[in-house]
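Atom set for the values below is all heavy atoms of this structure, side chains included, hydrogens, waters and symmetry mates excluded. Order of listing sets the numbers, starting from 1, for every ligand and every atom in it.
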Amino acid sequence: MPPSPRSSLATSFNAIAALYAAVRPGYPPELFAMVEEFAGRPLDGADVLDVGAGTGIATRLLAERGARVVAVEPGAGMAAELRSALPRIPLVRGDGEALPFADGVADVVTYAQSWHWTDPARSVPEAVRVLRPGGALALWWNVPDTDVPWLARQEARLAERCPAYRPPGFPATVAGLLAPFGLDTRSGTVRWSRTITVEDRLRTLGSHSYLAVMSAAEADAVLSAERVELLARFPDGVLVEPFVVDVTVALRGSAAVRG
Ligand SMILES: C[S@@+](CC[C@H](N)C(=O)[O-])C[C@H]1O[C@@H](n2cnc3c(N)ncnc32)[C@H](O)[C@@H]1O
């Protein structure tokens, strides 16, 4: 089955890949510890396919944890950033809906905020096909912690001003979407934060697909308004950006996948 055509939102990252690499947040060590706990195995020594690897933010951290990682990325711009940042890590241009790998080659398949760009009806059977029996499909998203009022207000303004806005993270229950495939799933959350300048917060916003698809003038107008709001709230020009990482791990049993 050929992969489904990707939307302009899914491919919008390629034009802003350098910005993405410069400003997007990483992931905390506690996330990888949770993936290991749910997967029932260490990442150290595991064969990992990091799908939708982008500029390699998660790929690098997986490799630092001892995994033998192959990065999988469909987009030319994002792949070029990854190749220059992580020249020793194998990179395959490919799509999660038609993984260019043989059956049973991976211990873990990861999607670091990229699974929502795939159609689960295609990407889940593909992940299961390339996993060894007992292997794990790990999906996670860094989501702004909207229990924090200034962030909730900012997301609401962006939703109002950006026609293509989609809430960060996954819009449905990931475990619910995986259930029809007969996979054993576990989900959890990890809270963490980073301290950045107001300007970097604005650049981070600009790396989101809903702003990347707007004209430069429209995006600048949104970001200028956000600069005024943020400097009123953080006059020193520095803020703490709080995140919740939503993580779900699905285990491949020895039975064939349903899908
Ligand atoms: C938000 S970025 C995440 C990048 C990286 N994993 C990270 O943690 O920063 C989403 C990535 O998914 C990729 N992507 C879009 N559609 C995809 C698909 N069908 N299969 C695999 N990756 C896809 C995009 O090209 C982009 O690099």
Restricting to heavy atoms, the pick from Arg60, Gln113, Arg24, Glu73 nearest atom 25 (O) of ligand 1 would be Glu73
Is the shortest N/O to N/O distance between Ala112 and ligand 1 below 3.5 Å? yes
One finds that the ligand 1 atoms under 4.0 Å from a non-hydrogen atom of Ser114 are 10 (C), 11 (C), 12 (O)
By number and element, which atoms of ligand 1 are closer than 4.0 Å to a non-hydrogen atom of Thr118? 18 (C), 19 (N), 20 (N)
Residue-level breakdown please: for Ser123 versus ligand 1, do any non-hydrogen atoms fall below 4.0 Å on the side chain, on the backbone, on both, or on neither? neither
Pick, from Ser209, Pro74, Ala53, Ser12, the option with the minimum heavy-atom distance to atom 5 (C) of ligand 1. Ala53
When you check the side-chain N and O atoms of Gln154 and Glu229, is any donor under 3.5 Å from an acceptor? no
Output all residues satisfying side-chain hydrogen bond (donor to acceptor under 3.5 Å, both in side chains) with Ser12, sequence neighbours left out; order by chain, then residue number. none
In ligand 1, the atoms that come under 4.0 Å of a heavy atom of Gly54 are 4 (C), 27 (O)
With Glu226 as reference, evaluate Arg161, Arg157, Arg201 under the side-chain hydrogen bond (donor to acceptor under 3.5 Å, both in side chains) test and give the passing residue. Arg157
Min N/O separation Tyr27 to ligand 1 under 3.5 Å: yes
Residue portion contacting ligand 1 (non-hydrogen atoms closer than 4.0 Å) for Tyr111: neither
Among Gly52, Ala79, Ala71, Gly96, the residue with a heavy atom nearest to atom 6 (N) of ligand 1 is Gly52
Close-contact set for ligand 1 against Ile57 heavy atoms, below 4.0 Å: 9 (O)
